[in-house]
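Below is one structure, written out as structure tokens, with a few remarks after it.
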Amino acid sequence: MDKITLIQPDDWHLHLRDEQALKTTVPAAARGFGRGIVMPNLTPPVTNVNRARDYRERILAQRPGGSDWQPLMVLYLTDNTTPDDIIAAANSGFIYGCKYYPAGATTNSDSGVTNLNNMDAVFETMQEVGMVLQMHGEVTTSDIDIFDREAVFIERHLRSLVAKFPRLKMVMEHITTEQGADFVMSTGDNVAASITPQHLLHNRNDMLVGGIRPHLFCLPILKRDIHQQALISIATSGSHKVFLGTDSAPHAQGDKESACGCAGCFSHHAAIELYAEVFERAGSLDKLEAFASTNGPDFYGLPHNPVTIELKKQAWRLPDSIPFEDTQVIPLGAGTTLNWKLVE
Ligand code: DOR
Ligand code: ZN
């Protein structure tokens with residue numbers, strides 16, 4: 001097989017940043033994709049409909065000519081979010097989810113929720129109006145080892161949350177563990193998960209053996225091999241419960257190659273091809289379309305994209321760096337060779 005045709009995929013989790021960064025991130029996100037769920041962790045965060053509307057306009061202003069790519073906006077939940085904010089978001093026509101960040105979990109999450117138990121009225125409203133909860137599922141207390149944050153979150157919070165709100169649509173964003181994979185596969189159809197290319201392609205050895213690779217540092221952090229294998233297994237299984245979410249999150253090279261480096265991998269330079277690599281290695285290229293193009297819209301209750309894309313079998317070398325703001329970003333897989341290429 002030297003060609004694959006797919007219903008145009010969507011990215012159910014990405015970071016575009018703002019201002020000058022949009023010149024790089026928006027065209028990259030639109031490359032081969034129909035829609036993208038735009039994470040709201042700006043400074044200040046996108047906490048209400050007006051901020052989401054303005055941000056959406058700034059994004060659309062950078063969309064390449066002729067592109068129909070659509071940014072799907074997200075509200076950032078804080079301790080001060082009210083049920084009325086949720087109703088306003090649901091009525092906006094351009095907000096497709098609300099993101100839960102535990103305070104302090106990752107980049108620009110300081111305004112995140114400090115106590116999940118205070119969110120009942122908000123979650124109740126989300127459940128009623130059918131708004132998707134996008135969950136960054138990690139505990140952030142200092143007593144918990146960073147590699148255990150996701151597994152502890154599931155036991156400490158997720159099981160009871162899913163029991164309490166049995167109709168709440170929830171995406172476990174960027175799952176990274178066997179426990180996350182088991183949980184999503186064993187719960188009802190109101191719970192799904194997204195998976196990044198870095199968590200399918202890498203484990204923590206790739207980040208730490210033989211020297212620290214700061215460009216593989218992301219949150220949730222890469223885990224050990226058994227977790228990577230569990231993620232590959234559910235992603236390539238054809239299950240409708242998992243879908244593509246790159247978590248593409250650019251940081252300038254200097255901010256990552258630092259004594260206290262930022263978390264995030266930029267992957268939109270080759271997003272669909274990076275996933276194709278995983279599916280080919282697993283012998284499951286026939287399952288790529290479900291993961292990339294149909295499971296996500298089915299979960300969000302949106303139509304499939306009306307066009308197709310083509311990947312052809314062709315070895316190509318990923319760039320060592322990509323211009324970003326006044327400097328550059330080192331993309332995921334920089335300098336390596338991939339076997340599939342989007343026909344542009
Ligand atoms: O690695 C990450 N980077 N994980 C996140 O959750 C946020 C993201 C970012 O915004 O840089
Ligand atoms: Zn993210």
Side-chain angles (χ1 to χ4, degrees), residues 10-19 21-22 24-25 28-29 36-46 55 59 71-77 96-113 132-140 146-147 149-150 153 170-177 180 193-204 206-207 212-223 231 243-258 260-268 271 274 296 322 324-325 327 329-332:
D10 302 297
D11 187 346
W12 299 96
H13 184 133
L14 57 86
H15 299 265
L16 297 175
R17 314 302 189 206
D18 208 347
E19 310 287 348
L22 298 176
T24 302
T25 57
I37 281 274
V38 181
M39 285 294 140
N41 59 333
L42 305 181
T43 33
V46 183
Y55 185 30
I59 293 166
L72 309 182
M73 307 309 290
V74 171
L75 220 61
Y76 183 117
L77 297 176
Y96 292 84
C98 297
K99 179 73 185 280
Y100 170 91
Y101 285 105
T106 185
T107 307
N108 297 340
S109 63
D110 295 349
S111 317
V113 174
V132 174
L133 173 63
Q134 296 147 337
M135 180 63 83
H136 183 117
E138 290 195 288
V139 291
T140 52
I146 188 168
F147 291 99
R149 284 175 160 197
E150 183 173 300
F153 185 88
M170 189 200 311
V171 180
M172 298 167 68
E173 299 293 332
H174 45 50
I175 57 167
T176 62
T177 59
S194 64
I195 310 183
T196 77
Q198 61 267 25
H199 292 99
L200 292 169
L201 286 163
H202 297 288
N203 60 59
R204 66 193 193 184
D206 300 327
M207 179 175 60
I212 294 177
R213 312 294 198 302
H215 299 289
L216 283 180
F217 175 56
C218 62
L219 291 169
I221 198 161
L222 294 176
K223 307 296 191 305
L231 299 176
F243 42 79
L244 185 158
T246 61
D247 203 10
S248 182
H251 291 277
Q253 180 176 14
D255 293 336
K256 291 200 55 85
E257 297 174 13
S258 150
C260 185
C262 296
C265 302
F266 179 73
S267 54
H268 273 146
L274 288 161
I322 291 173
F324 178 64
E325 299 182 316
T327 164
V329 58
I330 307 299
L332 188 65

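In each ligand, atom 1 is the first atom listed, and ligand 1 is the first ligand listed. By convention here, the first residue in the shown sequence is residue 1. Side chains included, hydrogens not; waters and symmetry mates left out as well; all remaining heavy atoms used. Everything numeric in this text was worked out from a predicted model, so none of it was measured.
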Could you tell me if [Y] and [X] have a donor-acceptor pair between their side chains, going purely by distance under 3.5 Å?
{"X": "Thr176", "Y": "Lys223", "value": "yes"}
{"X": "Arg17", "Y": "His251", "value": "yes"}
{"X": "Glu257", "Y": "His215", "value": "yes"}

| query | So which of the N, O or S atoms of His15 lies nearest the Zn ion (ligand 2)? | reply | NE2
| said: If the cut-off is 4.0 Å to any non-hydrogen atom of Cys218, which atoms of ligand 1 fall inside it? | reply: 1 (O)
| request: Could you tell me whether any N, O or S atom belonging to Asp247 is less than 2.8 Å from the Zn ion (ligand 2)? | output: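 An N, O or S atom of Asp247 is closer than 2.8 Å to the Zn ion (ligand 2), so yes.
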| Would you say His13 has an N, O or S atom lying under 2.8 Å from the Zn ion (ligand 2)? |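 Short answer: yes, at least one N, O or S atom is under the cut-off.
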N or O pair under 3.5 Å between [X] and ligand 1:
{"X": "Phe217", "result": "no"}
{"X": "Tyr101", "result": "no"}
{"X": "Ala249", "result": "no"}

| query | Given His251, His15, Gln198, His13, which has its nearest heavy atom closest to atom 11 (O) of ligand 1? | reply |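 Nearest heavy atom to atom 11 (O) of ligand 1 lies in His251.
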| task | First locate atom OG1 of Thr24, then atom CG of Leu22, and finally report the distance between them rounded to the nearest 0.5 Å. | result | 9.0 Å
| Just how far is it from atom CG of Asp11 to atom OG of Ser248, taken to the nearest 0.5 Å? |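 The CG atom of Asp11 sits 7.5 Å away from the OG atom of Ser248.
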| request: Before giving the answer on ring-ring contact (aromatic ring centres under 6.0 Å, His included), spell out for His13 and His174 the whole-Å C-alpha distance, their side-chain angles and the decisive distance to 0.1 Å. | output: CA-CA 8 Å; His13 184 133; His174 45 50; 5.0 Å; yes
| said: Classify the ring geometry of Tyr101 against Tyr76: parallel below 30°, tilted from 30° to 60°, perpendicular beyond 60°. | reply: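 Tilted.
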| said: Using heavy atoms and a 4.0 Å limit, tell me yes or no: is Arg17 in contact with ligand 1? | reply: yes
